[in-house]
Each structure stands twice: as structure tokens, then as C-alpha cells.
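Values reported hereafter were calculated over all heavy atoms of this structure, with side chains retained and with hydrogens, waters and symmetry mates removed. These numbers come from a predicted model, not from an experiment. This chain uses plain numbering: 1 for the first residue, then up along the sequence.
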Amino acid sequence: MSSASRESSQTPSTLRHVMSLLRVTAACGARGAGIDDYLDATELSRPTIYRLLKGLRGEGFLRPSPLRHRYLLGYELLVLGAEAGNGGSLRDLSRPRLLAMAQRLGDSFYLFAHDGRHAVCLEVQNGAYPVGSFVASIGGRVLLGAGQASVALLASLEPREREWILTANRELLQDRYQISVEAVEQEISRFHREGYARGVEGSSLPEFTGLAIPILDHSGRCLGAFSCSMLKSRMTMDHRRDVLAMMAEQADSLMSEAHGLLQAE
């Protein structure tokens, strides 16, 4: 086998191993990950782990923990993460708008985007009445079908892709959240009639509710979704009207600013 062929065959495997080490490090949290954590969670040999750890540290993706012989995620991941999901400056343009909505209306506001079978949280701002959600922080992912943002994203997909995702997520939606695909499909149908999404109520977060709308570009393509989470007791008719109106206003404003930036380039 030539060196080029050997490199080609090894690269995907090496990439998987590297990603495994990063995930183990993340899972160990503030204490950092040690060699035993990596050995227990992977099938890699000790020499291979040390070689990969050295490379990851050299590239800034890992850094030493204050605890001896342990590693934390490196700051280079923060640099990359700052740009992740920021296509067309979506995150940068959304951040002040989410903050304005949170300050004015008091609830928790999120920016979500479609990520395979999941919705990923790209930004969050909390108001005076912050609540929990299916994701704990920026970068958190939730199965499409769980939560109002995922309903808005699903409703904006082509029917064939939406059907594939719901089929793939069916068992996990039921097992994790007690949410049926049939209930999600009913909510998607309601979205197409009324223009906004609600979450499907399952076993998780029973005291919370929310609303979401898609962020559409000038061609009608969905770039993401604005989502609001709140206590059920706050969901009066007037508050729902205000939340939906401000999310729609901010989504239109965002796309106008994004279009202006593209024109200026």
C-alpha cells in the first residue's frame, strides 16, 4: 500500500479517535480527564492516547488541568465555537435582538438551528423570569420534535426530509420525552395554519411552555428559529400576542440587516 493510500485509510479512523478524546474530556467537566478516563471510555491503547493528547494540546484543543496529569478542553475550541453557526453573521445579529426581547418581555429567548436530526442552541438570553429548557446552554442539542423551536424548524423543511427525521427520532422522542410523532405532526399542521409553533407537551418540563417562529431569508429558506420559553402562568393571550409580534419584528429586522451587510460587501 502506498503512503498516500495508507494515509487516506487511516485519516477517518484517526479523526474518530480524536473526537472521542475531546468528548471524554468534555464529559469529565471541571476536574479534567486523566489517562484512566480515556482508557475506560475508548478502546485505544495507552501509547495512542498519549500521542493524540500531545497533538491536541499542541494545537490548543486541550490544555492541562490544575490537577496533575489531567486535561481540560482548550481555548482554541472557544475560537472555533464563536464562529460555529454564525453563517451570514446569524449569531452576531441575533444576540442583541434576543437580549432586547428578554429585557422587554421578561422571558427566556433562544436562537436554534437545524443540525441533522437535532436542533442546536446557538444563543440564549434570559429576562427577569428565566426558565428551564431542553438544552442547558449554548451548544446544547435536542431531538427535532421536542420543543417549540424544533417544531418551527421541522415545519420549514421539505416533507420528505421531515418524514425521514421523524421516523428516525420516533423511538427516542417517546422514550426520552413521552412525545409521539403523531402529536408532533399535528403541531406542524397547526403551525402551517397559524404561522407559529408551540411545543408538544410530554413528560419533561411540565410547568413550562413556549412559542417559536422560523427565521426565513428573502427566498423563504429557513436559517433558524427564534424561541421563547416561559412559565405556563405567564402565557396569557396578551403576552402571547406580544411575544409573537416582537419575535416576528426582530426576525424581519435581522434579515433586513443581514441583506444590507451582503449588499455592502
Side-chain angles (χ1 to χ4, degrees), residues 78-79 81-115 118-142 144 146-153 155-156 187 191 194-201 204-218 222-262 264:
L78 288 177
V79 177
E83 290 303 314
N86 200 33
S89 300
L90 181 62
R91 287 184 65 197
D92 290 344
L93 293 175
S94 294
R95 192 173 297 116
R97 290 171 167 84
L98 293 171
L99 179 59
M101 290 189 284
Q103 290 179 336
R104 178 175 168 184
L105 298 169
D107 303 303
S108 297
F109 287 85
Y110 301 80
L111 170 67
F112 278 89
H114 176 202
D115 182 26
H118 296 80
V120 60
C121 177
L122 302 182
E123 196 65 49
V124 58
Q125 295 289 340
N126 292 310
Y129 305 96
V131 299
S133 75
F134 288 122
V135 297
S137 60
I138 294 172
R141 300 195 306 164
V142 63
L144 283 170
Q148 59 272 11
S150 72
V151 172
L153 293 170
S156 303
E187 193 57 34
F191 168 91
E194 302 186 17
Y196 68 90
R198 306 176 307 183
V200 176
E201 190 164 322
S204 302
L205 308 176
E207 66 273 34
F208 302 142
T209 187
L211 303 163
I213 64 167
I215 302 170
L216 305 176
D217 66 13
H218 293 291
C222 181
L223 303 181
F226 279 154
S227 173
C228 172
S229 294
M230 69 185 80
L231 290 167
K232 284 184 177 179
S233 60
R234 288 177 53 77
M235 184 66 89
T236 63
M237 290 182 63
D238 288 345
H239 192 58
R240 179 176 61 195
R241 181 195 62 232
D242 291 344
V243 168
L244 290 172
M246 193 167 184
M247 285 199 298
E249 174 187 330
Q250 294 295 340
D252 289 343
S253 169
L254 183 153
M255 290 316 308
S256 294
E257 186 175 351
H259 184 68
L261 290 174
L262 288 174

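Between L122 and F112, the closest side-chain pair of non-hydrogen atoms is not below 4.5 Å. You'll find the side chain of C222 stays beyond 4.5 Å of the side chain of H114, heavy atoms only. Under the 4.5 Å side-chain criterion, counting only non-hydrogen atoms from C-beta, M235 is not in contact with R198.
F226 approaches S94 most closely through the heavy-atom pair CE2-OG, 3.8 Å. Between L153 and G224, the closest heavy-atom pair is CD2-C, 3.7 Å. Counting all heavy atoms, side chain and backbone alike, A212 lies closest to A152 at CB-CB, 4.1 Å. Here the closest heavy-atom approach between residue F191 and residue A197 is recorded as CD1-N, 3.6 Å.
Here I213 contributes atom CD1 and E249 contributes atom CD; the two are 10.5 Å apart, rounded to the nearest 0.5 Å. Distance check: D115 CG to S150 OG gives 13.0 Å after rounding to the nearest 0.5 Å. Atom CG of L254 and atom CE of M247 lie 13.5 Å apart (nearest 0.5 Å). Put simply, CZ on R240 and CE on M237 are 6.0 Å apart, with the number rounded to the nearest 0.5 Å. A distance of 6.0 Å separates CZ in R97 from CD in Q250, rounded to the nearest 0.5 Å. If you take CG on L90 and CE on M255, they are separated by 8.0 Å, rounding to the nearest 0.5 Å.
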List, one per line, each side-chain donor-acceptor pair under 3.5 Å for residues 101-111, sequence neighbours excluded.
from	atom 1	to	atom 2	distance (Å)
D107	OD1	R234	NE	2.7
D107	OD1	R234	NH2	3.2
D107	OD2	H239	NE2	2.5
S108	OG	N126	OD1	2.7
S108	OG	V131	N	3.2
Y110	OH	S133	OG	3.3

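With sequence neighbours excluded, the residues that form a side-chain hydrogen bond (donor to acceptor under 3.5 Å, both in side chains) with S229 are Q148.
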